[in-house]
There are 8 protein chains.
Amino acid sequence: MKKLLQDYKAGKRSLNEVLEAMQKLPYHDLGFAKIDTHRTMRKGFPETIFCQGKTTQQILAIMSSLSQHHQNILATKANQTMYNAVKKIYPDARYNPQAKTITIKREPVKNKKGTILIVTAGTSDIPVAEEAVETAEIMGNKVEKIYDVGVAGVHRILDVQEKLRKASVVIVVAGMEGALASIVGGLTDKPVIAVPTSIGYGASFKGVAPLLTMLNCCAEGVVVVNIDNGFGAGYFASLINR
Amino acid sequence: MKKLLQDYKAGKRSLNEVLEAMQKLPYHDLGFAKIDTHRTMRKGFPETIFCQGKTTQQILAIMSSLSQHHQNILATKANQTMYNAVKKIYPDARYNPQAKTITIKREPVKNKKGTILIVTAGTSDIPVAEEAVETAEIMGNKVEKIYDVGVAGVHRILDVQEKLRKASVVIVVAGMEGALASIVGGLTDKPVIAVPTSIGYGASFKGVAPLLTMLNCCAEGVVVVNIDNGFGAGYFASLINR
Amino acid sequence: MKKLLQDYKAGKRSLNEVLEAMQKLPYHDLGFAKIDTHRTMRKGFPETIFCQGKTTQQILAIMSSLSQHHQNILATKANQTMYNAVKKIYPDARYNPQAKTITIKREPVKNKKGTILIVTAGTSDIPVAEEAVETAEIMGNKVEKIYDVGVAGVHRILDVQEKLRKASVVIVVAGMEGALASIVGGLTDKPVIAVPTSIGYGASFKGVAPLLTMLNCCAEGVVVVNIDNGFGAGYFASLINR
Amino acid sequence: MKKLLQDYKAGKRSLNEVLEAMQKLPYHDLGFAKIDTHRTMRKGFPETIFCQGKTTQQILAIMSSLSQHHQNILATKANQTMYNAVKKIYPDARYNPQAKTITIKREPVKNKKGTILIVTAGTSDIPVAEEAVETAEIMGNKVEKIYDVGVAGVHRILDVQEKLRKASVVIVVAGMEGALASIVGGLTDKPVIAVPTSIGYGASFKGVAPLLTMLNCCAEGVVVVNIDNGFGAGYFASLINR
Amino acid sequence: MKKLLQDYKAGKRSLNEVLEAMQKLPYHDLGFAKIDTHRTMRKGFPETIFCQGKTTQQILAIMSSLSQHHQNILATKANQTMYNAVKKIYPDARYNPQAKTITIKREPVKNKKGTILIVTAGTSDIPVAEEAVETAEIMGNKVEKIYDVGVAGVHRILDVQEKLRKASVVIVVAGMEGALASIVGGLTDKPVIAVPTSIGYGASFKGVAPLLTMLNCCAEGVVVVNIDNGFGAGYFASLINR
Amino acid sequence: MKKLLQDYKAGKRSLNEVLEAMQKLPYHDLGFAKIDTHRTMRKGFPETIFCQGKTTQQILAIMSSLSQHHQNILATKANQTMYNAVKKIYPDARYNPQAKTITIKREPVKNKKGTILIVTAGTSDIPVAEEAVETAEIMGNKVEKIYDVGVAGVHRILDVQEKLRKASVVIVVAGMEGALASIVGGLTDKPVIAVPTSIGYGASFKGVAPLLTMLNCCAEGVVVVNIDNGFGAGYFASLINR
Amino acid sequence: MKKLLQDYKAGKRSLNEVLEAMQKLPYHDLGFAKIDTHRTMRKGFPETIFCQGKTTQQILAIMSSLSQHHQNILATKANQTMYNAVKKIYPDARYNPQAKTITIKREPVKNKKGTILIVTAGTSDIPVAEEAVETAEIMGNKVEKIYDVGVAGVHRILDVQEKLRKASVVIVVAGMEGALASIVGGLTDKPVIAVPTSIGYGASFKGVAPLLTMLNCCAEGVVVVNIDNGFGAGYFASLINR
Amino acid sequence: MKKLLQDYKAGKRSLNEVLEAMQKLPYHDLGFAKIDTHRTMRKGFPETIFCQGKTTQQILAIMSSLSQHHQNILATKANQTMYNAVKKIYPDARYNPQAKTITIKREPVKNKKGTILIVTAGTSDIPVAEEAVETAEIMGNKVEKIYDVGVAGVHRILDVQEKLRKASVVIVVAGMEGALASIVGGLTDKPVIAVPTSIGYGASFKGVAPLLTMLNCCAEGVVVVNIDNGFGAGYFASLINR
C-alpha cells in the first residue's frame, strides 16, 4: 500500500491506476467461484475445495485455477467419479477412498516439529479421522494414528497415555456417545480437538449426541468442530503445531 | 379368585356378592387420587408419593391413606413447606433436603445381600444421587456412595474399580456430558443404571446432553432412566438386588 | 499384579520385564481395531461386533481375531452380504435375517435359571425383539417371546399377566407411542427393560416418541435403552438373570 | 342479503347504504380487540376470553362488550387478580382456582343428553381437567370426572370400563408419558379427546412427551389438542355431544 | 359372565372350565400377530391392517384370519406389491394407489345420515385425504371432497362456507403451514379434524410446521391427528357421525 | 360490484343473476386443483406451479388451464421428466436444470427500473439462487448475479460494496452458517432478502443453521424466507422493485 | 478517498496523515461499545440501541455518544428503570410501555408517501406490533394499525381487504399458530412482513409454531423476521416505503 | 514408579507399602468432592471451581483444600454471595462481577510471549468475554480486548485486522447470529476459538443460533466451545499460547 502511494506521488502511477490497483481482486473470478489467490499469504495455506454440491466441471475449473498459484491442493468430500475426472488431468493426484480426499502434492512441505496424534473411538470413525490425517499431512505435519480406543475398554486409551502427553496436539474422533474426548482431555495437558461423527443409530441423531457430549466436556482444554469435520480438525491442529 | 368361586358355589356368597367383590377396587379412592393398596403385593413396595404438582393438602391426604396399609412411606420431590406440614402429623418423618425426600420408616426392612454402589461425576450431581440413596435404603438395600469421580480425572474412577466390580448394581449419576456412565460400564460386569442430571449450562440443554450420551453408551450393560430421576434408578436397582 | 511383583522380587523377572508386562495390552491390535481379549473376564462375555459402518474385510478380521479366544461370537446389524462372506469362512455361522445378527455358537452355554420374557407391541417391532432374543440366547438365557400385545387391545397383555410376573426379567419392545412399557411396568414386580423402536411415521420421529414415553414412564421399575437397541436390552437382561 | 338487495331495488335504501351495510362489521371494535358478536350464531357459543397476555383493563373491556350480547361468559387462564377485578363489576362471577377460569352464568343452559367423561392419569393433571369441566358445563353438558387412574395401576382404569363405554365422549388428561390415552382408546368405542399436560420433569419437556405419545396413539378413535388445552378439549367434546 | 357363573353353580360347567373360559383369548394368535376378533363388538369396526413394516406374508396371514370374522377389511400404507399378492387371493380387493389402501367390501354398509366433508389445502395433500376418504367410506359414511382450497386464495374456501356448515364433520388436510384448519375452524360450527401432511420442504420439517400450526389453532373446535394420518381422521370422523 | 348492482337496479340483471354472479368462482376447478384466474389482478402475477408432490398429469392439466388466461408461466421444483412432458406440448418451454424451473415466456415483460442483485456465499448455493433469478426475470426485473462471495474471504464481498448500494434490492443466498446476510445487511441501505440453503453437513441440519443465523441477523434491514426458497425471495424482491 | 489522494499528491497531507486518515474509525469508541457515526450515511438511519443485556450506564453512554451526531434516537427492549434514568438527562424522551421503546425525536422527519399497515392476530400481540409502530414512525412513515383480526373470525380481516391493498407495505404480527400471515398474503399484492410472537402456550414453543407457519407460508410475497422482532419489521417496512 | 519398585526390591518398602502407594489417591477426598492435587502436574494448571450448583459451604471447603497445594485459584460462575463468604477467609480474593469469577493470585505468573486477543460482537457479550479474560490472565497470558465489533458494521472489525494477525490466538465471543467468528476466521491465519453466547431472543434459542453458526463456519481455523463458556475458551487459548 505504502509502495503504491509512493509510486503514485512519484508519478510512476496515475490516480486511476492507483484506484484500480486498490480495487483489483485478490482472487480469480470463474463466475460460479472466486478463487482466493491471496489466501496462502493470508492464511498460510491455499483454499481447499469442498466438493459436496459442486459439479465435476466446477471442481476441475477451480482446480485448474488453483494450480496456477499453488503447488499443493486438497479436495475434500470428493467421490470416486470426481477423482477419476481429476486423475485424467492431474495424473499425480492421489485418492484416499476412506477419507474421500483428493491430494496433489508437488512441493515438499517442511516437517513441523511436533506430532499431531489422531485417535478414534471405534473402527467406524476411521473415515473422518483419515480426512484429518490427509489435511494435516498436506499441511506439513507429522501425524500419528491410534484407532479404536473407545472408552468401553478404557485400558486401551490408558495404555497410550504417554503418547497423549507427548503429542503437540490431539484430535479425538468419536461417534455414538463421544465420551472419548472427555477422557483424553483429562489425560493430557495438550490441546484436544474433538470431532463428533455421525456414526451410531437411534438417539445418536446423526452425530448430535457426540456433539453435545463434546461441547459439555467436563475436562478443560477440549474444543469442538462440526460433525464429521475431519478437515477442520486437521487444519486447526496444523495452525497450533507451528 | 378360586376361593371366591368356591364360596359362591357353596352358597356362602350370593351371585351379587361375587360380582361385586370382583369389581371391588383394590385401591382407596380419595376423589383426586386413587391409593393403590394392593401394590405392595403386586410390586413389592408401596406407592411412592410424587409431590411435584400436588398441594400440601393432597399430599397429607394420600399419606394418611397410605399409612393405614403401609409402615414405610417415601415421598419424592418434596419441598421444605411440604415437609413441615407432614412433620406435624408424623413426627417420625425425616427430610433429606438435598434429595428432597420425606421418609417414614417404621418397619425394619431386611437387609438384602448385595450392595448398591452410587457414584456421581460431580459435586453438583449429589442431590439426584441422594434421591436414589433414600429410595434404595427404604427398600432395604445396603448402599455405598462415591461422589465426584468424573472422567476429567479418570484416575479417580479407576481407583474404585474393585468396588465397581464387587457391587451388585451400580448407579451412575452425571450431568454435563455424562461420560462417566460409559467408563463405568466398561470397568464392571455388573448392571449399570445411568441417571442423567440437569446440571450444566448452554448446550447441556437441561440434561439432554447426558441423556443422549447415556443412551448411546458404547459399553454394554448400561440402561438409562429419565433426567434427574434418582428415585427410578434406586427403585430399579432394588428390583435387581433381590 | 501381586504375583508379578513377587516374581520380580524373587528375581524371576527383571525390572524391565515387569514394567513391560504391566504395559502389555490386554487386547489384540489389528490397526483399525483393538480386540479386547480380556473382556470375557472383565465383563463375562466377549466383545460383540457392531457391523454398521464397518467393511466386510474389517468384520472378517475382527472375527478371526475374536475366534482365537472365544468359542461363541455375536455380530449385530449385519446385512446379508456380510453374512455370506462370514459363512464361507465359518460354515457354522447362523444368520437371523429379521434380527440381522450373525451367531457362531460352539461352546454349550449353561442355562440360567430364570426366563427372559420378550414382548412386542406390534408385529413391526419383531426385528428389534429378535436382536434381543439372539443376544439373550447366546449368553445362555432361556427366552420366551410374546409378540403383538400392544395396548390398543389391552386384554391381550392382561392375558399374559402371570407370565409377566413369573419371568425373571421382561423386555418390552414398542414403537409408535410406546405405551406398552408403562402397562407392563404396572403389571409386574420384575425389572422391565424398555426398547423404543423406530416403527411409526410422522410425529413418531423415528423412535423419539416411544423413547420419551418410556423415559417418562409413570410405572416404577422400568429402564430404557437406545432406539432399536435390542442387543443392549438382551445384554442387560442377561446381566440381571444371573 | 336478499332482503338488502330487494330493499335497494325498491328504493328503500340507496346504493351507498347497501355498500356500507355490506361492509358493516359483525363485531364490536374496541381498538385493541374486535368482539365477535355473531359468533353465537356462527359457532353456537360466544367468544371465550383467553386472558393470558391481556391486561386486566382489556379483559374488563372485552367482558363489558360481550355482556351486552351474551348471558354466559367464560374466561380462561385467568389469575386471581383478574378475578378480583371482574368480581367487583360482576358479583355473580365465579372463579375455579384450579382451572383458572372465571364463569358468569345467567341463562339456564339446556342439558344435552350424553355425558362427557373426563379422566386424568394423575392428581397433578387435575387443573387441566377442571378447565375442560368448566368449559363443558357452561356449554350445557353433563360431566362426569374420574381422576388419578393412570396406567401404572391399570386395574384402576379397567374398573371404569363400563363408564368409558356409556359416555358420549371421553376426555383423557395425562402428563408424564401420556399412555392413558392409548388404553382408554382401546377400551371404548366412543370418541376420545386426548389432552397432554406439562406435568412431569426432565425428558417430558413440558408436555412434549405426552403430546407425541398421544399423536402416535396406536388405538383408533383418539384425537389430540394442544398441551394443557383443557378448554379446547371441553369445547370439542361439546360439539360432538349435540 | 353372569351366565358363566350361573352355569357353573348349576353344575353345567366345572370350576376349571370356568377359570379357563375366563382366560380364553378374545383374539386369534398367529404368533407374530394377535388378531382381535372382538373388536367389532368393542369398537364397532374390525382391526385395520397397518401394512408399513410388515412382510407381505404377514399381511396375507392377518387378512386370512380377519376374513374369517369380518366381511369388510381395510389395509393402509400398502404398496402395489402388497396389493398384487392380496389380489391373487381376494379378487374383489380394490386398491387406491393415491391413498395406498386395500379395501375388501362384501357387506353393504348402512349409510349414516350426515356427510363427512374432506378438504385439502393443495393438490399434493390429496393422497392423505384419500386415505381418510377410503376409511370413512368403508365405515359407511357419505363423503364429500373439496380439494385445493388453501388460504393463499382465501375466496376458494369462502365459496364453500355453506358446505362447511352443512357437513356433520369436516376433515382438513394441509401441509406446508397448515393454516387452512384455522380458517375452516372459524367458518363452521361443526367439529373439525385437522390432518397435517408432510408436504413442503425446508422449515416444514416433514410436517412439523403444520402439526404445530394445527395444535395452536386459535379457532375453537379443532382437534389434531398425527402427520399424514388420514386413516385416523376418517375413523374419528366416523365415530362422530353416528 | 358497483356495476353489478347498478345493472341489477336497471333491470339488466335479475336478482338471481346477481346472487349467482357474486358466487361465481374466480378460479377454474380441475377437481384436484382450483386454478386462480383472478390472481394476476389480485397479486399482479399468475399462480406459479409448485411441482413437488404433483404428478406430471396434474402439472400438465394445471398448465393447460393457466395458459388459457396467462401468457407467461413459471413452474418450480420441476424435474427433467416433468419438463420433457411439458416440452412436447409447449415447445417454447425452457428448462433451467440448476434452478429446476420451467418457464414459458410469450408476453414481453416491461423492464422495471431497479436491479435485483443476487449474491451467493458459495458455488453450491447457485441452484437456489438461480430459482430466484428465473422468478425475478419472468416478473420483468433486471437481475445481476454475484456468486461465491462468502465471508471466509471477506474482501470478495467488500469489493462489490458499490453494487450492493446501487441495487434496488439484494437477495443473499447462503448455506453452511449463512453469515453473508449479516455482512451484506451492514454494507447496504437497501432491503436484503436472505435465503438459507440446505447446503452443508453435520450441524447445518439441512439449512437450520443458516436459517437461525439469518433470523438473528444483527444488521437491520434483513428478512428471511424458507430454506431453499429461491422463488419466494425472487417474488418478494419483485414486489419491492416496482 | 479521491480527495484524500489528491490532497496528498498536492502536498497538503503527508504520507502518514493519509495512512492515518484511512485508518481513522468511522465510529466513536466507548470501550464497551463502538458507536457507528457513519451509519446514517450508510444505512439512512442511526444505530438503534438494543437495551437487553446492557446496563443502564452503558445505555446512557451510548445515548450520549449518539446524541452528538443524531437528532432522533430509538432504544428498544428498554424497561421502565432504564427509561427513568434516560428521562432525567433527556426530558424529551418518550416511553411506550407496551412497545418497551424509548424515543427522542427532535428533527422533523419527512412523511413518506405510502402507509405502513400493521395488523395483529390478537390483543396479546399488540406489544410487538407497537415496537414496529414506534420504529416505523421515527423513521418518518405514516402508520395505520388494525389490531385483533385473527383468522378464527376471518370476516374481520376480510373487512379490511381494501386497506390491505392500499397500504404500501403490510406488517402481520401473530402468535399462536400465525395463520394470519398466509391469509393477508393472499389478499394483497403488497409486500407482507410477518412477525411471529411468543404469545401462546404448550406446543407454540415460545413462538416456534408461528415462525414455522410463516416460513412455510403458501401465499407469495411474505417474508419473516425473528420472533417478537417488531423493530426489524418496522425497519424493513421503512426501507421499502421510500 | 520405577523408583517405587526399586525401593521395594531393595527392601526399603514392603509389598503392602508398594501396593498401597500405588493405590494412594492423587487427590484429596472431601466426601462430596475429590480435589485433584496432581492436576497442576498433569494439566499445568490447578482445578478450577465451577460454582454453579454447589453450596457456599462446598465451595469454601474445596477452596480450602486447593489452597494447600496451589497459590493461584480461579472460581467461575460465582455469585456475589459466594464471593462475600470467600472474601472473609481470603481477603486477597478478587471478584469480577461481569465475569462472575473469583480469583486469588499469590504467585507471580510468567508472562507468555504471545497475546491472546478477545473480541466481542456486542456490548452484551462482554460478561462471557470477561470470563475468558480472567481465565487467560490467571494462567499467565497477556490479553488484549476489543469489544463491540459485530458484523453489522463490518468496518469495525476490518479496522483491527492487523491486531487479528499479530495475536497468537483469537477468541471471538458472539451471541445473536454469531457471524463474527466467520469473518475473523477469514481475516487471520491464527487459531480462532469461537464462544457462542446466550445473548439474543426468539429464534436465538439461548445460544443455539450462534452455536450452529460457529460449528458450520465456512472459514478454516475456527473451533467452538460450549455456549457462554468463556472459561473454556480462555483455558484452551492458554494451552496454545505456550
Side-chain angles (χ1 to χ4, degrees), chain A residues 120-125 148-161 164 172 174-189 192 194 196-224 227, chain B residues 120-125 148-161 164 172 174-189 192 194 196-224 227:
Chain A
T120 74
T123 301
S124 310
D125 300 315
D148 193 29
V149 289
V151 299
V154 78
H155 51 289
R156 294 182 296 191
I157 189 68
L158 294 174
D159 284 340
V160 296
Q161 281 186 71
L164 293 174
V172 175
M176 301 186 83
E177 94 277 57
L180 184 58
S182 300
I183 305 293
V184 168
L187 290 174
T188 181
D189 64 339
V192 175
T197 74
S198 51
I199 289 303
Y201 62 95
S204 83
F205 299 128
K206 306 201 171 172
V208 169
L211 172 62
L212 295 187
T213 301
M214 288 162 171
L215 284 169
N216 286 285
C217 186
C218 57
E220 295 97 346
V222 180
V223 293
V224 186
I227 298 163
Chain B
T120 75
T123 301
S124 310
D125 300 315
D148 193 30
V149 289
V151 300
V154 77
H155 52 289
R156 294 183 296 192
I157 190 68
L158 294 174
D159 284 340
V160 295
Q161 281 187 71
L164 292 173
V172 175
M176 301 186 82
E177 95 276 55
L180 185 58
S182 299
I183 305 292
V184 168
L187 290 174
T188 181
D189 64 339
V192 175
T197 74
S198 51
I199 288 303
Y201 63 94
S204 83
F205 300 127
K206 306 201 171 173
V208 170
L211 172 61
L212 295 187
T213 302
M214 289 163 170
L215 284 169
N216 286 285
C217 187
C218 58
E220 295 98 345
V222 180
V223 291
V224 186
I227 298 163

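Sequence lines set the chain letters: A, B, ... in the order given, protein chains first and strands last, and positions in each chain run from 1.
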B:Glu177 (side chain) donor-acceptor with A:Cys218 (main chain) under 3.5 angstrom: yes
Using a 4.5 angstrom heavy-atom cutoff, name the option from B:Ala203, B:Ala209, B:Gly122 with the most pairs to chain A. B:Ala203
Based on non-hydrogen pairs under 4.5 Å, which of A:Val222, A:Val208, A:Leu158 is most in contact with chain B? A:Leu158
A:Leu180 portion near chain B, given a 4.5 angstrom heavy-atom threshold: neither
Among the listed options A:Cys217, A:Gly150, A:Ala181, the residue most often paired with chain B at heavy-atom distances under 4.5 Å: A:Cys217
Below 4.5 Å from any heavy atom of chain B, which atoms of A:Phe205 appear? Answer side chain, backbone, both or neither. side chain
Please report the closest heavy-atom contact between A:Ala219 and B:Ala152, naming both atoms and the distance. CA-CB, 3.8 Å
